[in-house]
Amino acid sequence: MQELSINQSTHPFACIFDLDGVLVDTAVYHFQAWKQLANSIGFDFTEAQNEHLKGVNRMRSLDMILNWGGVEKTTAEKEVLANTKNEWYVAMINKMTAAEVLPGTTELLQSLQEQGVKIALGSASKNSSIILERTQLTSYFDAIVDGNVVSASKPDPEVFTKAAAMLHVPAHLCVVFEDAQAGVEAAIAGKMKVVGVGTPENLPGADQYVENLSQITAQDIMGLIYKED
Ligand code: B16
Ligand code: MG
């Protein structure tokens, strides 16, 4: 069935995508680098613990890991540890390819772009530009808001409200795609619609749930904003 094209003058809307866990799966690289760091300090770090770090910024993640390991460090020592972890992580993401883009991602971004829908990134990561370049996704984005330009971490809505402002689209016409509970809460706090990439159990409060972006079309997204039409 042919998809109807979206008229952006009568039914405008924009999409804001989280990066890690929505467009690409970099959680595996974060896990390897954090585990190596924890082991170097003398304790272990599990995949279950890594789940709690999704959407959480780098310094907050380090604080949580040190807390789990029962280790205290000074601010200066934490800076060194965070930089070490990031060097290991960047070495891994520098080898990423377009094959690591999650299912349905490129197709959805292409369809949205062809239909004139504005697209932004809303990520906690300070490494988003490397990841987008390596996976050949950069050209789909009209605005990039990441950990380099926001001061308040999710669940604060700053990352998404900044993205909406850069796109010149009001919050109530924005749909956020998120795989982390902190991100879903941030989108709700920003008064935006939110698609949870996960389950209602993991991500309570989202307007719709998908396993990945192959399960949603540009028309479905428009329907989330214009439900009564
Ligand atoms: P970096 P997202 C988040 O990205 C990750 O989910 C989280 O695990 C990570 O700690 C955070 O980025 C910071 O990443 O160390 O690269 O700045 O999900 O908000 O795209
Ligand atoms: Mg994420």
Side-chain angles (χ1 to χ4, degrees), residues 6 8-9 11-27 54-58 60 101-102 104-106 108-198 203 205-208 210 212-213 216-218 220-226:
I6 290 165
Q8 277 292 305
S9 40
H11 293 84
F13 68 95
C15 292
I16 306 174
F17 292 92
D18 171 55
L19 179 62
D20 296 339
V22 171
L23 306 177
V24 291
D25 185 12
T26 40
K54 286 186 175 175
V56 177
N57 71 26
R58 196 181 309 162
R60 174 89 190 105
V101 171
L102 289 170
T105 299
T106 310
L108 180 63
L109 291 173
Q110 200 166 344
S111 159
L112 290 166
Q113 189 177 58
E114 279 168 8
Q115 301 190 63
V117 178
K118 292 276 175 247
I119 304 171
L121 188 81
S123 166
S125 176
K126 293 187 171 177
N127 294 300
S128 73
S129 58
I130 306 175
I131 297 167
L132 292 179
E133 278 301 314
R134 290 296 314 165
T135 55
Q136 296 171 22
L137 294 176
T138 310
S139 63
Y140 293 110
F141 291 89
D142 300 293
I144 291 182
V145 180
D146 68 8
N148 296 298
V149 295
V150 293
S151 41
S153 205
K154 300 168 188 174
D156 188 287
E158 183 188 4
V159 63
F160 298 136
T161 50
K162 242 184 189 154
M166 282 177 75
L167 296 178
H168 305 290
V169 176
H172 72 279
L173 298 181
C174 291
V175 180
V176 170
F177 294 77
E178 257 295 348
D179 72 315
Q181 184 55 28
V184 170
E185 287 169 18
I188 293 169
K191 306 208 178 334
M192 298 174 186
K193 290 274 187 286
V194 52
V195 174
V197 180
L203 303 172
D207 297 287
Q208 188 176 331
V210 294
N212 57 50
L213 299 181
I216 194 161
T217 65
D220 298 333
I221 300 166
M222 187 176 78
L224 277 175
I225 301 268
Y226 298 98

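Every heavy atom of this structure was used, including side-chain atoms; hydrogens, water molecules and symmetry mates were not.
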Requested in this report: Find the distance between SG (Cys174) and NZ (Lys191) and round it off to the nearest 0.5 Å.
Outcome: 13.5 Å

Query raised in the report: Would you say Ile216 and Ile221 make side-chain contact, with heavy atoms under 4.5 Å?
Result: yes

Report task. State, with a plain yes or no, whether a side-chain heavy atom of Val22 is found less than 4.5 Å away from one of Leu102. Result -> no

Query raised in the report: Atom CG in Leu19, atom CG in Asp25: separation rounded to 0.5 Å?
Result: 10.5 Å

Query raised in the report: Roughly how far, to the nearest 0.5 Å, is CD1 of Ile16 from CZ of Phe141?
Result: 11.0 Å

Query raised in the report: What heavy-atom pair brings Glu158 and Ser151 nearest, and what distance separates the two atoms?
Result: OE1-N, 3.0 Å

Query raised in the report: Lys162 side chain to Val149 main-chain N or O, any donor-acceptor pair under 3.5 Å?
Result: yes

**Report entry** Minimum side-chain heavy-atom gap Gln8-Val117 below 4.5 Å
**Finding:** yes

Report summary line: Looking only at heavy atoms, the pair that brings Asp18 and Ser123 closest together is OD1-CA, 4.2 Å

Query raised in the report: Does some side-chain heavy atom of Thr26 sit less than 4.5 Å from a side-chain heavy atom of Asn127?
Result: no

Query raised in the report: How long is the gap from CD1 on Ile130 to OG on Ser125, to the nearest 0.5 Å?
Result: 8.0 Å

**Report entry** Steps toward side chain to side chain contact (heavy atoms under 4.5 Å, CB included) verdict (Asp20, Ile131)
**Finding:** CA-CA 9 Å; Asp20 296 339; Ile131 297 167; 4.0 Å; yes

Query raised in the report: For Ala186 and Pro157, which heavy atoms make the closest approach, and how far apart are they?
Result: O-CB, 3.3 Å

Requested in this report: Report the distance from atom CD of Gln115 to atom CZ of Phe13, rounding to the nearest 0.5 Å.
Outcome: 7.5 Å

Query raised in the report: Would you find a donor on one side and an acceptor on the other, under 3.5 Å apart, between the side chain of Glu185 and the backbone of Pro155?
Result: no

Report task. Kindly determine whether Thr106 and Tyr140 satisfy side chain to side chain contact (heavy atoms under 4.5 Å, CB included), including the steps that lead there. Result -> CA-CA 9 Å; Thr106 310; Tyr140 293 110; 3.5 Å; yes

**Report entry** Taking every non-hydrogen atom, the tightest pair across Gly190 and Ala171
**Finding:** O-CB, 3.3 Å

Query raised in the report: Hey, does the side chain of Asp142 reach the backbone of Ile119 with a donor-acceptor pair shorter than 3.5 angstrom?
Result: yes

Requested in this report: Without swapping roles, check the side chain of Glu178 against the backbone of Val194 for a donor-acceptor pair under 3.5 Å.
Outcome: no

Query raised in the report: Picking from Leu23, Leu109, Leu137, what satisfies side chain to side chain contact (heavy atoms under 4.5 Å, CB included) with Val101?
Result: Leu137

Query raised in the report: Is the shortest heavy-atom distance from the side chain of Ile144 to the side chain of Leu132 under 4.5 Å?
Result: yes

Requested in this report: Output the distance between atom CD1 (Ile188) and atom NZ (Lys193), rounded to the nearest 0.5 Å.
Outcome: 10.5 Å

Query raised in the report: Parallel under 30°, tilted from 30 to 60°, perpendicular over 60°: which one fits the rings of Phe17 and Phe177?
Result: parallel

Query raised in the report: Closest heavy-atom contact between Val184 and Gly205?
Result: CG1-C, 4.2 Å

**Report entry** Trace of the side chain to side chain contact (heavy atoms under 4.5 Å, CB included) decision for Lys154 with Val159
**Finding:** CA-CA 7 Å; Lys154 300 168 188 174; Val159 63; 3.8 Å; yes

Requested in this report: Could you tell me which non-hydrogen atom of Cys15 sits nearest to which non-hydrogen atom of Leu112, and how far apart they are?
Outcome: SG-CD1, 3.9 Å

Report task. Given side chain to side chain contact (heavy atoms under 4.5 Å, CB included), test Val195 with Asp220 step by step and report yes or no. Result -> CA-CA 11 Å; Val195 174; Asp220 298 333; over 6 Å; no

